[in-house]
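Bear in mind that the values here come from a model prediction, so they are computed numbers and not experimental data. Chain letters run A, B, ... following the sequence lines, proteins first and then strands; every chain starts at 1.
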Amino acid sequence: MSHASNFIRNIVEEDNRINRWGGRVETRFPPEPNGYLHIGHAKSICLNFGLAHDYKGICHLRFDDTNPEKETQEYVDSILDSVKWLGFDWGEHLHYSSDYFDKLYEFSEYLINQGKAYVDSLTIEEIREQRGTLTKVGHNSPYRERSVTENLDLFRRMKLGEFADGRHVLRAKISMASPNINLRDPVIYRIRRNHHHRTGDKWCIYPMYDYTHCISDALENITHSICTLEFEDHRPLYDWILTQLKTLVSCHPQQIEFARLKLTYTVMSKRILLELVENKLVAGWDDPRMPTLVGLRRRGYTPESIRMFAERIGVSKADSWIDMGVLEDCLRENLNVRAQRRIAVLRPLKLIIDNYPDSLEEECFAPNHPQKPEWGRRILPLSKTIYIEREDFMEEPVKGYYRLAPGAEVRLRYAYIVKCVNVVKNSSGKIKEIHCTYDPDTKSGTSGAKIRKVKGNIHWLSSKYAQKGEIRLYDRLFSHPHPESRDYTAHLNPHSKKTISAFIESSLKKAQPEEYFQFERNGYFVIDRKDTKPGRPVFNRAVTLKDSWGKRK
RNA sequence: UGGGGAGUCGCCAAGUGGUAAGGCACUGGGUUUUGAUCCCAGCAUUCGUAGGUUCGAUCCCUACCUCCCCAGCCA
């Protein structure tokens, strides 16, 4: 696949040209295991792994696990699984920031010795007050000038667990007057007695992100440390720390920031995603309406479609909104070429062919893919009574409608042309069944089929052979393009999930989890990987087909 | 209003002193037993605004406007 150029690729190519890294390209995807990966992470994964792949480099998967309060093994496992599912391989390069806790500790003693870090004993509130504001400089802590000996003693005792949580912190000694708040003596270690999913209870002090991330990158010999825009003004701190440590770690990666993905009609915030799950507004992290990778997977998204999406939206520093339609379209594009075609009647309406012999049954042949004859065809049995889609009949057709209507003719796909001769209603006026006559000379595949052309072409299933199947019709979770900017619960789409019992081809009963199909004229569906039981498939609608008629209405 | 960023077609996004790529969407037309797919064509005299430099500016300079991020012992 060829790639559009973007500013990060330009940087990499320039670096290679001037031999900045000896031709190495080493990136990393650094998730915090405190939630499930979502489509926004997919953009970053594709970027980092894609870059490494294209420039014959390496991409690490590194868990940024420095806050045990929120991180769990469950999240680690799901992240591993999702990255793999997306199609990327980290090989030997699976790392955890917690792997570096010893080094990180050692480096901070070094900083103390260099007079570049000190133990502060202010309370959290006091630190906040002394930090100043966006427009006012901060003030030095009274503990800022403690001696190296005292700092070392205190810091070692912090590590040994002699102090209560929050009693002291280790701070980098930079400048309380910096216009960049991140440089106003940032906290780099805090005391926190939490069980860590990997290091257990070994530590009661944990390093902060800014301190940990740059060092982890350096220790792993990362060349290009790619992150999102909000870390732009953390870059001076990233560089400051590595500069102080240059005699201990020689690698100094370049941090590059890009705009995170924003998608309409959904939310990307971890907080809201968590709330949706915890408040049972969705069925779980893998609810097919969730923008999580596990959710998209259940919905029917393929890894290819997501990678195509990442490629299509590009990478830049301009924060922008991508329309959900772009994602949906990538899925259509991928499923169109890979999904076998089948028939399902979602909202059945009984149709009786009056002049079709009671005992007659005929085989009709339907190709498994209209553009791939090599995929073969299957038999669709036709009988006197069939089901068609309620939508394919209108008693009083509107202008431009060319499906069935009283007196109108339409082709039963892969079978005959029929003409509607009667409409039968029940006592309450609802249409119960419709009656047609067929033209025996028009069977698909015979020479007679070419004689008469009709514009309408509708799908159907023999009432005798059609099977019942559970189909879940999913739609966008939110009805507002920007649900996050307001009370998102007020904009949940009440029609985002509808479970129906539909008629399906009998062969579909044997379909396996994660098999994809196009139900002709209805959309793309996947067999649910969770709720499907042998012989009892559950279908999830991944996305509808494009519908220029529906759009016109 | 301190600091850091961004503004190129409806939505993304290349280009960066030589006269605006591409994708998606959209609009026509063709093919088609999916109102699908596919194909073909059209779609920014203009690059946030105003000045300036230049033979020539989206690109350089100046000023301005708009939007985003930052005051966690979160990442």
Side-chain angles (χ1 to χ4, degrees), chain A residues 4-7 10 30-32 34-35 64-67 69-71 97 120 122-124 127-129 131-138 165-171 178-184 186-192 205-206 208-210 212-213 227-236 257 259 264 270 311-323 325-326 329-330 332-333 336-337 341 343 366-367 369-371 400-403 411-415 417 444-445 449-450 453-459 518-524 544-552:
Chain A
S5 83
N6 63 51
F7 77 101
N10 291 346
E32 183 191 9
N34 69 343
D64 226 328
D65 55 352
T66 56
N67 183 7
E69 195 178 355
K70 295 179 178 166
E71 299 154 3
S97 293
D120 196 357
L122 252 25
T123 64
I124 193 166
I127 288 183
R128 188 180 308 129
E129 283 162 19
R131 185 151 34 221
T133 67
L134 295 181
T135 49
K136 285 200 285 271
V137 299
D165 286 15
R167 182 71 187 76
H168 304 285
V169 289
L170 185 68
R171 290 232 249 172
S178 172
N180 181 342
I181 289 177
N182 295 301
L183 261 21
R184 314 238 262 235
V187 171
I188 58 179
Y189 261 98
R190 75 283 212 188
I191 304 172
R192 181 167 289 187
I205 56 171
Y206 290 97
M208 300 283 289
Y209 164 84
D210 284 307
T212 309
H213 202 85
C227 62
T228 43
L229 252 27
E230 68 270 28
F231 291 104
E232 220 151 12
D233 45 21
H234 289 235
R235 188 174 356 115
E257 311 85 12
T264 60
K270 277 190 181 181
E311 188 63 37
R312 192 166 285 183
I313 61 176
V315 177
S316 76
K317 296 191 70 155
D319 53 334
S320 51
W321 287 93
I322 305 292
D323 196 275
V326 177
D329 216 63
C330 288
R332 288 191 187 98
E333 195 169 322
N336 175 48
V337 299
R341 311 289 125 122
I343 303 293
H369 189 112
Q371 278 84 244
Y401 187 80
Y402 53 76
R403 277 113 93 152
R411 173 171 289 283
L412 294 179
R413 203 159 165 68
Y414 310 125
I417 290 175
S444 293
K450 310 248 183 328
K453 289 276 181 196
V454 286
K455 197 154 194 199
N457 197 311
I458 65 174
H459 60 277
Q518 183 199 95
F519 287 160
E520 295 194 33
R521 305 209 305 133
N522 268 318
Y524 293 99
T544 59
L545 251 32
K546 267 193 213 161
D547 179 12
S548 55
W549 166 247
K551 205 157 50 182
R552 186 143 72 101

Would you check if the side chain of Asn522(A) reaches a backbone N or O of Thr544(A) as a donor-acceptor pair within less than 3.5 Å?
no

Residues two or more places apart in sequence or in another chain: which of them pass ring-ring contact (aromatic ring centres under 6.0 Å, His included) with Phe519(A)?
Phe525(A), Phe539(A)

Please classify the nucleic acid contact of Thr66(A) as base, sugar-phosphate, or nothing, using heavy-atom distances under 4.0 Å.
sugar-phosphate

When all nucleic acid strands are considered with a 4.0 Å heavy-atom cut-off, which category describes Glu32(A): base, sugar-phosphate, or nothing?
sugar-phosphate

Roughly how many Å apart are G22(B) and C43(B), using the C1' atom of each and rounding to a whole number?
14 Å

Rounded to whole Å, how long is the line connecting atom CG of Asp547(A) with atom C1' of U34(B)?
11 Å

Hey, does Tyr402(A) reach any base, or is it just sugar-phosphate, or nothing, if we go heavy atoms under 4.0 Å?
base

Glu32(A) vs Asn67(A) side-chain heavy atoms within contact, under 4.5 Å
yes

Distance criterion of 3.5 Å, no angle test: do you see the side chain of Arg332(A) paired donor-to-acceptor with the base of U37(B)?
no

Centroid under 5.5 Å and tilt under 30°, Trp549(A) to G35(B):
yes

Criterion side-chain contact (heavy atoms from CB on, under 4.5 Å) on Arg312(A) and Glu333(A), from CA distance to verdict
CA-CA 12 Å; Arg312(A) 192 166 285 183; Glu333(A) 195 169 322; 2.7 Å; yes

Where does G72(B) land, syn or anti, given syn is within 90° of 0?
syn

Using a 4.0 Å heavy-atom cut-off across all strands, classify Gly400(A) as base, sugar-phosphate, or nothing.
base

Backbone N/O of Gly550(A) and side chain of Asp547(A): donor-acceptor pair under 3.5 Å:
yes

Protein and nucleotides 18-22 of chain B: nitrogen or oxygen contacts under 3.5 angstrom:
none

Using heavy-atom distances to pick each residue's nearest nucleotide on RNA chain B, tell me which of Arg235(A) and Arg521(A) is more 5'.
Arg235(A)

Ser178(A) side chain to Ile181(A) backbone, donor-acceptor under 3.5 Å:
no

Euclidean distance for P, U16(B) against A21(B) (whole angstrom):
13 Å

Just checking Glu232(A): base, sugar-phosphate only, or nothing, at a heavy-atom cut-off of under 4.0 Å?
sugar-phosphate

Looking at residues at least two apart in the chain, or sitting in another chain, which of them share a side-chain hydrogen bond (donor to acceptor under 3.5 Å, both in side chains) with Thr228(A)?
Glu230(A)

Tell me whether the OP1 or OP2 atom of U37(B) has a side-chain N or O from Lys546(A) closer than 4.0 Å.
yes

Under 4.0 Å between a side-chain N/O of Ser316(A) and OP1 or OP2 of A13(B), yes or no?
yes

Rounded off to whole Å, could you give me the OH-to-P distance for the Tyr524(A) and U34(B) pair?
13 Å

Just jot down the ring-ring contact (aromatic ring centres under 6.0 Å, His included) partners of His459(A), sequence neighbours excluded, or say none.
none

Look at the side-chain N and O atoms of Thr264(A) and state whether any lies under 4.0 Å from the OP1 or OP2 oxygen of C11(B).
no

Heavy atoms under 4.0 Å, any strand shown: does Asp210(A) hit a base, just sugar-phosphate, or nothing?
nothing

Atom-pair distance (CG on Asn522(A); P on A36(B)), nearest Å
14 Å

Quick one: label Tyr401(A) by what it contacts on the DNA or RNA (base, sugar-phosphate, nothing), any heavy atom closer than 4.0 Å.
base

Write out the stems for RNA chain B, ordered by first number and formatted as range with range, counting runs of at least 3 consecutive Watson-Crick or G-U wobble pairs under 3.5 Å.
B:2-7 with B:65-70, B:10-12 with B:22-24, B:26-30 with B:38-42, B:48-52 with B:60-64

Considering every strand and a 4.0 Å limit on heavy-atom distances, what is the contact class for Pro30(A): base, sugar-phosphate, or nothing?
nothing

On the 0 to 90° scale, with breaks at 30° and 60°, tag the Phe231(A)-Tyr209(A) ring pair as parallel, tilted or perpendicular.
tilted

Return the 5'-most residue of the pair Gly445(A), Glu69(A) with respect to RNA chain B, ranking by each residue's nearest nucleotide.
Gly445(A)

Considering only the P atoms, how many Å lie between C59(B) and C9(B), rounded to the nearest integer?
15 Å

Where the side chain of Arg411(A) meets the backbone of Ala415(A), is there a donor-acceptor pair that is under 3.5 Å apart?
yes

Interatomic distance where CG belongs to Asp329(A) and P belongs to C11(B) [whole Å]:
17 Å

When you compare C60(B) with G17(B), how far apart are their P atoms, in angstrom units rounded to a whole number?
8 Å

Would you say Asn336(A) reaches C38(B)'s phosphate, i.e. side-chain N/O to OP1/OP2 under 4.0 Å?
no

Scan Glu257(A) against the nucleic acid and name what it touches under 4.0 Å (heavy atoms): base, sugar-phosphate only, or nothing.
nothing

Expressed as a whole number of Å, how far does the C1' atom of A25(B) sit from that of A44(B)?
15 Å

Starting from P on U37(B), measure out to CG on Asn457(A) and report it in whole angstrom.
16 Å

Would you give a per-nucleotide map of nucleotides 66-73 of chain B, 5' to 3', where B means the base has a protein non-hydrogen atom under 4.0 Å away, S means only the sugar-phosphate does, and - means neither?
--SBBBSB

Spacing of the P atoms in G15(B) and A6(B) (rounded, Å):
14 Å

I'd like to know whether Tyr189(A) forms a side-chain contact (heavy atoms from CB on, under 4.5 Å) with Met208(A), so could you lay out the CA-CA distance, the side-chain angles of the two residues, the decisive distance to 0.1 Å, and finally the verdict.
CA-CA 6 Å; Tyr189(A) 261 98; Met208(A) 300 283 289; over 6 Å; no

Rounded distance in Å between the C1' positions of C11(B) and C26(B)
11 Å

Which whole-number value in Å describes the distance from Arg413(A) CZ to A36(B) P?
12 Å

Less than 4.0 angstrom between a side-chain N/O of Ser320(A) and OP1 or OP2 of A6(B), yes or no?
no

Ignoring hydrogens, what is the shortest heavy-atom contact between Tyr414(A) and Pro367(A)? Give both atom names and the distance.
CE2-CD, 3.5 Å

By the 4.0 Å heavy-atom rule, please label Asn10(A) as base, sugar-phosphate, or nothing.
sugar-phosphate

Heavy atoms only, 4.0 Å cut-off, all strands: where does Val315(A) land among base, sugar-phosphate and nothing?
sugar-phosphate

Please say which of Lys70(A), Lys270(A), Glu69(A), Glu71(A) ends up in a side-chain hydrogen bond (donor to acceptor under 3.5 Å, both in side chains) with Asn34(A).
Lys270(A)

Taking 4.0 angstrom as the limit, do Arg192(A) and Asp165(A) come out as a salt bridge?
no

Could you go step by step and tell me if Asp120(A) and His168(A) meet the side-chain contact (heavy atoms from CB on, under 4.5 Å) rule?
CA-CA 6 Å; Asp120(A) 196 357; His168(A) 304 285; over 6 Å; no

